Structure formats: C-alpha cells, structure tokens
Amino acid sequence: MSFSDDLVQWYQSNKRQLPWRDTHDAYVIWLSEIILQQTRVEQGLPYFYSFLEKYPDVSSFAAASEDDILKLWQGLGYYSRGRNMLKTARMVQADYGGIFPEAYDQLIKLKGIGEYTASAISSFAANEPKAVVDGNVYRVLARYFGINEPINSPKGIKIFQSAANELLDKHRPGIHNQAMMEFGAMLCRPKNPACNICPVSEGCYAFANNAVNLLPVKLNKIKIRERYFNYFLVADEHTLVMNRRGDKDIWANMYDLPLIETDTLLPPDGLLALPQLKALFGDDIKIDEIFPVIKHVLTHQRLFVRFIKLQHHHIELKEQWFITDRNNLKKLALPKVIFIFLKNIFNL
DNA sequence: AAAACGGGGAT
DNA sequence: ATCCCAGTTTT
C-alpha cells in the first residue's frame with residue numbers, strides 16, 4: 001500500500017458529503033472551487049447553493065450583471081473572485097460556446113483560475129493528472145516528508161509542487177487530490193491534528209520526530225494598516241445618498257456611503273471640522289447624530305468606522321454619489337459593515 | 001518578490 | 001490576539 005492508496009482508502013470511508021463531489025460538471029466544480037478559495041467549506045456552502053440556483057449554467061452566469069454577481073457574493077469577501085468569475089463566464093460563453101473547459105492548459109488562461117484551481121477542475125472533471133497544492137496539501141506534505149522550506153517562499157512553492165506531482169496517483173488523480181485535501185482538513189489539521197487515528201502516521205516524519213507542531217514553516221508576518229472611515233448618512237423618509245466605490249481599493253465597485261477618510265485617530269469628541277463637512281456637502285448641513293466607532297478587521301487593514309447622521313435640506317452630489325430609495329438597497333452589494341449599519345438603522 | 005484582497009471560526 | 005481557510009492578481 002502506498003501513501004496515496006492509504007489516503008484514498010481513508011477518504012472513501014470518511015469523506016464529508018459535499019454537493020460538488022461526485023459531479024463531473026466543470027461549471028459546477030469551478031463554482032465551488034472559486035467560492036472555496038481562502039474560504040472554509042461551511043462558510044462557502046450557502047453561497048454555492050444560491051449561486052447554483054440562480055445561475056445553473058455558465059450561460060446564465062455570463063448573462064448576469066456585475067452588480068448582480070457582487071450582490072450575491074455579498075458577505076463572502078475577496079470580491080475580485082466574483083468579478084473575475086463574470087469575466088471568465090463571459091469568456092467561456094464567447095470563446096467556448098458556453099461549454100466550460102476541462103483542460104488545464106485552457107483553464108489556466110481564465111481570470112481567477114490559477115495553478116491550484118486549474119489542477120482541481122481538470123483533475124476532478126476529466127481526471128487530468130495535475131496535482132493540487134492548497135493549504136491542506138502544503139501542511140500534509142511538510143509534515144509527512146519533513147519539508148522545512150517555508151511554504152510561501154518561491155523556493156518552497158516549487159519544492160511542494162514537485163513533491164505533490166511525484167506523489168500524484170496518475171491512475172486516479174481526481175480522487176487522489178480530493179483525498180489529500182480532505183485528509184488535511186479533517187485529520188492533519190493546523191492545530192490538534194488527529195495523529196492517533198491517522199492512517200499514515202507510521203511513515204510520517206513529523207510524527208516520528210515530534211515535529212507536528214513545527215511544520216509547516218511559514219514566514220511573512222503581514223503588516224496591518226489602520227484606517228479611519230467617517231461615513232455620512234444623508235437620508236430622508238424614503239431615500240438616502242449612496243456612493244459607488246472605485247475599482248482600486250477594498251470593496252471595488254461595491255456601494256457604501258459618502259466617506260471622509262482621515263489619517264489619524266478620531267478625535268474623542270467625534271467631531272470633524274464643520275468647514276470640511278460644508279466643503280463636501282454644501283453649507284446647508286448640520287450634524288445630527290454620531291454613532292460609536294466600530295472596529296472592522298480585515299486581513300490587511302483595521303478599519304475604525306464611524307457613522308454620522310447629517311441634517312440637511314439640500315446637498316450637492318459628488319461624482320460617485322447618487323440618491324436611491326431604501327427599497328433599492330436590496331439590490332446593491334454592500335460591504336459587511338455598511339450592510340449591518342443600514343439594516344439596523346432602517347430595520348431592513 | 002511582496003503586497004493586496006474579506007470575513008469568520010478555532011484556539 | 002493569532003492563525004488560516006479547496007488562492008489569485010497586482011504592484
């Protein structure tokens with residue numbers, strides 16, 4: 001019995017039942033793989049269902065608008081995944097007649113599909129012998145073979161890909177890949193791995209050398225930027241002023257409120273200089289209510305978000321601002337922190 | 001080669 | 001708090 005055989009055997013009797021397993025539809029597999037990038041299965045599952053229901057095939061996906069896709073993606077994060085999916089769906093519709101490709105060399109050219117995802121789709125859908133290397137596989141390989149090269153160094157990435165390629169069972173690459181990942185997710189976990197019931201502990205370097213908690217090695221302490229967002233609620237009975245975000249910063253092409261970003265800690269009294277507000281909104285405004293600062297944590301940024309309700313009779317709309325009915329909010333893709341605020345304010 | 005890109009769960 | 005999740009793109 002080889003390492004792969006042992007894992008596959010374990011996989012077949014211990015795998016979770018997941019809706020994207022046991023299909024060979026490349027479109028469905030693609031949908032699941034993009035959703036699951038940097039996302040836990042439990043978090044992605046409801047999105048997978050809603051996307052599949054609304055867009056049962058690539059043609060219907062390609063016909064959607066970016067606003068539609070981002071709205072359905074709302075809350076999942078890494079929104080470029082959604083925007084790239086739309087580009088890819090349209091490319092598949094135009095260049096492949098709506099037939100989702102299954103070949104690695106074609107997949108790798110599509111937006112949002114990198115080495116991992118191209119390997120996953122091609123091996124799951126068509127049994128193409130491409131080895132996946134995701135976070136699970138890095139961990140399994142590092143521990144089992146005692147590889148101490150950092151998993152996120154350029155050298156490490158090549159070493160792990162080579163190791164995965166060598167290990168791949170060319171006769172059943174799809175199930176081999178799934179078994180590697182499921183094993184990493186369920187037994188060979190980052191913390192408290194289940195070495196006591198591990199089917200391959202006997203040949204495991206880390207288990208034999210008491211190095212399970214030392215591997216894999218990862219470097220790069222990401223640095224976190226602090227930002228201070230002052231959002232302004234300009235609303236009447238039925239409508240409010242919204243802002244369409246640009247395509248560079250976080251939450252690209254999504255919708256929030258008129259914003260003043262400051263580069264220092266917010267003043268304790270919560271007051272921005274009134275002249276600054278008048279310069280932005282016009283003279284006819286007054287601060288109505290200042291809400292407590294909300295700390296919103298992202299991977300690379302810590303946001304200190306403060307909402308300020310303004311009284312107004314007339315305001316001047318800036319370039320990316322527009323007035324919309326409250327009822328239209330259900331159609332706009334909102335960042336989590338904006339969504340929560342508006343939901344609470346308007347009892348949505 | 002680094003940095004950027006969300007949000008949430010486990011420890 | 002820290003890590004990391006079925007990673008990819010941009011700088």
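In this text the structure is predicted, and so the values were computed from the model without any measurement. In what follows, every chain begins at residue 1, and chains take the letters A, B, ... in the order their sequences are listed.
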Within the structure, does a side-chain N or O atom of A:Tyr138 lie under 4.0 Å from either OP1 or OP2 of C:dG7?
no

Here the ring-ring contact (aromatic ring centres under 6.0 Å, His included) pairs for residues 86-116 of chain A, sequence neighbours left out, are A:Trp30-A:Phe100

For the side chain of A:Arg244 and the backbone of A:Gln320, is there at least one donor-acceptor N/O pair under 3.5 Å apart?
no

Quick one: on DNA chain B, does A:Trp251 or A:Lys191 contact a more 5' nucleotide (nearest heavy atom)?
A:Trp251

Pairs flagged by salt bridge (charged side-chain N to carboxylate O under 4.0 Å, His left out) wherever residues 35-62 of chain A is involved - sequence neighbours left out:
A:Arg40-A:Glu42

Side-chain touch A:Leu18/A:Val41, heavy atoms, less than 4.5 angstrom:
yes

Taking only residues two or more places apart in sequence or in another chain, which ones pass side-chain contact (heavy atoms from CB on, under 4.5 Å) with A:Pro46?
none

Sequence neighbours excluded, which residues qualify as side-chain hydrogen bond (donor to acceptor under 3.5 Å, both in side chains) partners of A:Ser4?
A:His176

Contact under 4.0 Å: A:Arg225 side-chain N or O vs B:dA3 OP1/OP2:
no

Under the side-chain contact (heavy atoms from CB on, under 4.5 Å) rule, collect the residues that match up with A:Gln12, sequence neighbours excluded.
A:Val8, A:Ile175

Set of residues satisfying side-chain contact (heavy atoms from CB on, under 4.5 Å) with respect to A:Pro199, sequence neighbours excluded
A:Leu7, A:Trp10, A:Phe183, A:Leu187

Residues at least two apart in sequence or cross-chain that pass side-chain contact (heavy atoms from CB on, under 4.5 Å) with A:Phe207, listed by chain then number, are A:Cys195, A:Ser201, A:Cys204

Which residues within residues 61-75 of chain A lie with some heavy atom under 4.0 Å of an atom in DNA chain C?
none

Provide the distance between the two P atoms, one in B:dA4 and one in C:dA6, to the nearest whole Å.
24 Å

Rounded distance in Å between the P positions of C:dT8 and B:dG9:
24 Å

Paired with A:Tyr138, the ring-ring contact (aromatic ring centres under 6.0 Å, His included) test is passed by just one of A:Phe160, A:Phe145, A:Tyr144, namely A:Phe160

Does the base of C:dG7 carry an N or O that pairs as donor and acceptor with the side chain of A:Thr117 under 3.5 Å?
no

Starting at the 5' end of DNA chain B, which residue's closest nucleotide do you reach first, A:Gly77 or A:Lys223?
A:Lys223

Identify the pairs formed between an N or O of the protein and an N or O of nucleotides 9-11 of chain C at a distance under 3.5 Å, and give each distance.
| unit_1 | atom_1 | unit_2 | atom_2 | d |
| --- | --- | --- | --- | --- |
| C:dT9 | OP1 | A:Gly112 | N | 2.4 |

Show every ring-ring contact (aromatic ring centres under 6.0 Å, His included) that has at least one partner inside residues 324-348 of chain A, sequence neighbours left out.
A:Phe291-A:Phe341, A:Phe307-A:Phe341

OP1, OP2 of B:dA1 versus side-chain N and O of A:Lys155: anything below 4.0 Å?
no

Under a 4.0 Å heavy-atom cut-off, which of residues 129-136 of chain A touch DNA chain C?
A:Asp134, A:Gly135, A:Asn136

Among residues 22-43 of chain A, which contact DNA chain B at a heavy-atom distance under 4.0 Å?
A:Gln38, A:Thr39, A:Arg40, A:Gln43

For atom P, what is the distance between C:dT9 and B:dG8, given to the nearest Å?
24 Å

